[in-house]
S.K.: 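Quick one: structure below, then a few questions.
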Amino acid sequence: MAEMGKWCIDESELENLNPIKVRDLMIDCFFHAQKATIAKAKELLKAPGSDDDIMSSIQTTIRLAFDEAGGDFNNPTRDSLAKVVGILAAKAALWHTPREIIECHQAEITKAINRLPFD
């Protein structure tokens with residue numbers, strides 16, 4: 001759920017969590033946090049900037065973050081998800097995302113990760 005630039009997990013989304021569901025929540029979260037930034041970059045590059053194009057860019061960024069974390073996008077673990085959250089927060093900071101947005105989104109995804117069983 002997104003509101004005024006901040007994305008929050010609805011309590012119902014925390015039911016029956018598994019690593020794939022948390023990864024998908026992470027994708028949705030990062031999409032909402034970075035949509036405007038990526039759209040602006042695509043506009044400057046005269047690249048397609050539809051929501052589908054932006055989502056594709058987000059998924060590529062997250063796949064690369066899993067690689068950087070030594071994890072597997074298709075088979076995430078609690079540990080790899082936690083590492084990816086840190087990597088994405090660092091990327092968001094480099095993209096000049098406001099600190100309060102980064103902290104809010106990081107806390108929301110961490111809440112979901114913390115509900116997963118340990119690997």
Side-chain angles (χ1 to χ4, degrees):
M1 172 192 325
E3 181 178 315
M4 296 170 44
K6 291 186 179 177
W7 178 92
C8 299
I9 293 177
D10 187 272
E11 218 28 62
S12 66
E13 294 175 301
L14 295 173
E15 295 174 13
N16 302 313
L17 277 180
N18 62 51
I20 297 289
K21 189 172 178 182
V22 174
R23 181 208 61 202
D24 291 347
L25 287 169
M26 185 182 297
I27 291 168
D28 189 49
C29 172
F30 206 66
F31 175 82
H32 283 93
Q34 301 306 324
K35 180 179 178 181
T37 300
I38 292 173
K40 184 67 174 170
K42 286 184 173 288
E43 181 182 316
L44 292 172
L45 295 170
K46 299 191 182 339
S50 70
D51 280 0
D52 288 343
D53 295 317
I54 293 168
M55 180 58 80
S56 178
S57 295
I58 294 294
Q59 288 177 340
T60 297
T61 300
I62 292 175
R63 284 179 184 277
L64 292 171
F66 269 95
D67 289 346
E68 188 177 331
D72 181 351
F73 178 86
N74 294 314
N75 189 26
T77 63
R78 187 181 204 272
D79 184 54
S80 68
L81 288 162
K83 288 177 184 174
V84 168
V85 166
I87 291 166
L88 294 176
K91 287 183 186 305
L94 290 173
W95 297 347
H96 304 288
T97 302
R99 172 69 27 211
E100 64 272 8
I101 297 293
I102 295 170
E103 289 173 356
C104 172
H105 291 211
Q106 193 171 16
E108 288 296 299
I109 293 300
T110 299
K111 178 172 41 175
I113 292 169
N114 287 342
R115 295 218 184 164
L116 291 171
F118 285 92
D119 300 332

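Note that the numbering runs from 1 along the sequence shown for the chain.
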S.K.: Look only at the side chain of E108 and the backbone of I9, and say whether a donor-acceptor pair between them is shorter than 3.5 Å.
M.R.: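 Such a contact is found between E108 side chain and I9 backbone.
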S.K.: Looking only at atom types and distance, does a side-chain atom of K111 sit under 3.5 Å from a main-chain N or O of L14, one as donor and one as acceptor?
M.R.: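 Side chain of K111 to backbone of L14, a donor-acceptor pair under 3.5 Å: no, none is there.
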S.K.: Closest heavy-atom contact between A65 and I87?
M.R.: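 Scanning both residues completely, I find the closest heavy atoms to be O-CD1, 3.5 Å.
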S.K.: To the nearest 0.5 angstrom, please state how far the CD1 atom of I58 sits from the CE atom of M26.
M.R.: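 With rounding to 0.5 Å, CD1 (I58) is 12.5 Å from CE (M26).
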S.K.: Could you verify whether a donor N or O on one side chain and an acceptor N or O on the other, from S80 and T77, lie under 3.5 Å apart?
M.R.: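 Result is yes, a qualifying pair exists.
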S.K.: Just to verify, which of I113, L25, N114 counts as forming a side-chain contact (heavy atoms from CB on, under 4.5 Å) with L17?
M.R.: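 Among I113, L25, N114, the one that satisfies the side-chain contact (heavy atoms from CB on, under 4.5 Å) with L17 is L25.
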S.K.: Can D67 and R63 be said to form a salt bridge (charged side-chain N to carboxylate O under 4.0 Å, His left out), step by step?
M.R.: CA-CA 6 Å; D67 289 346; R63 284 179 184 277; over 6 Å; no
S.K.: Give a yes or no answer on whether the side chain of S56 reaches the backbone of D52 with a donor-acceptor pair at less than 3.5 Å.
M.R.: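 Pair absent, no side-chain N/O of S56 close to backbone of D52.
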S.K.: Could you check if a side-chain atom of L116 sits within less than 4.5 angstrom of a side-chain atom of L81, using non-hydrogen atoms only?
M.R.: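 Yes, their side chains come closer than 4.5 Å.
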S.K.: Grab the two heavy atoms, one from P117 and one from R78, that are nearest each other, plus how far apart they are.
M.R.: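 Closest heavy-atom pair between P117 and R78: O-CD, 3.2 Å.
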S.K.: In Å, rounded to the nearest 0.5 Å, how long is the span from CD of E68 to OG1 of T61?
M.R.: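 Those atoms lie 11.0 Å apart.
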S.K.: Honestly curious: do L94 and L88 fall in one hydrophobic cluster under the side-chain, below-4.5 Å linking rule?
M.R.: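 Shared cluster, yes.
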S.K.: Write down the atom of A89, the atom of I102, and the distance for their closest heavy-atom approach.
M.R.: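 Looking at all heavy atoms of both residues, the closest pair is CB-CG2, 3.7 Å.
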S.K.: Tell me if a side-chain donor or acceptor on H105 pairs with a main-chain N or O of F30 at a distance below 3.5 Å.
M.R.: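 Between the backbone of F30 and the side chain of H105 there is no qualifying donor-acceptor contact (under 3.5 Å).
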S.K.: Taking side-chain contact (heavy atoms from CB on, under 4.5 Å) as the criterion, tell me which of N18, I20, I62, V84 meets it with P76.
M.R.: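 Passing option: I20.
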S.K.: Examine W7 and M55 and state if one hydrophobic cluster contains both, with Ile, Leu, Val, Met, Phe, Trp and Tyr joined whenever side-chain heavy atoms are less than 4.5 Å apart.
M.R.: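 Same cluster.
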S.K.: Could you grab the distance from atom CZ of R23 to atom CG of D72, nearest 0.5 Å is fine?
M.R.: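 If I round to the nearest 0.5 Å, the distance is 9.0 Å.
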S.K.: According to side chain to side chain donor-acceptor pair (under 3.5 Å), does anything in residues 92-102 pair up with another residue at least two apart or in another chain? List the pairs.
M.R.: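 Side chain to side chain donor-acceptor pair (under 3.5 Å) check on residues 92-102 returns Q34-T97.
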S.K.: Ignoring hydrogens and geometry, is there a side-chain-to-backbone donor-acceptor pair from E13 to D10 under 3.5 Å?
M.R.: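 It does hold such a pair.
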S.K.: Once ring-ring contact (aromatic ring centres under 6.0 Å, His included) is applied, do any residues pair with F73, and if so which ones, sequence neighbours excluded?
M.R.: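 ring-ring contact (aromatic ring centres under 6.0 Å, His included) check on F73 returns F66.
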S.K.: Under the side-chain hydrogen bond (donor to acceptor under 3.5 Å, both in side chains) rule, collect the residues that match up with E11, sequence neighbours excluded.
M.R.: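 Expected list: R115.
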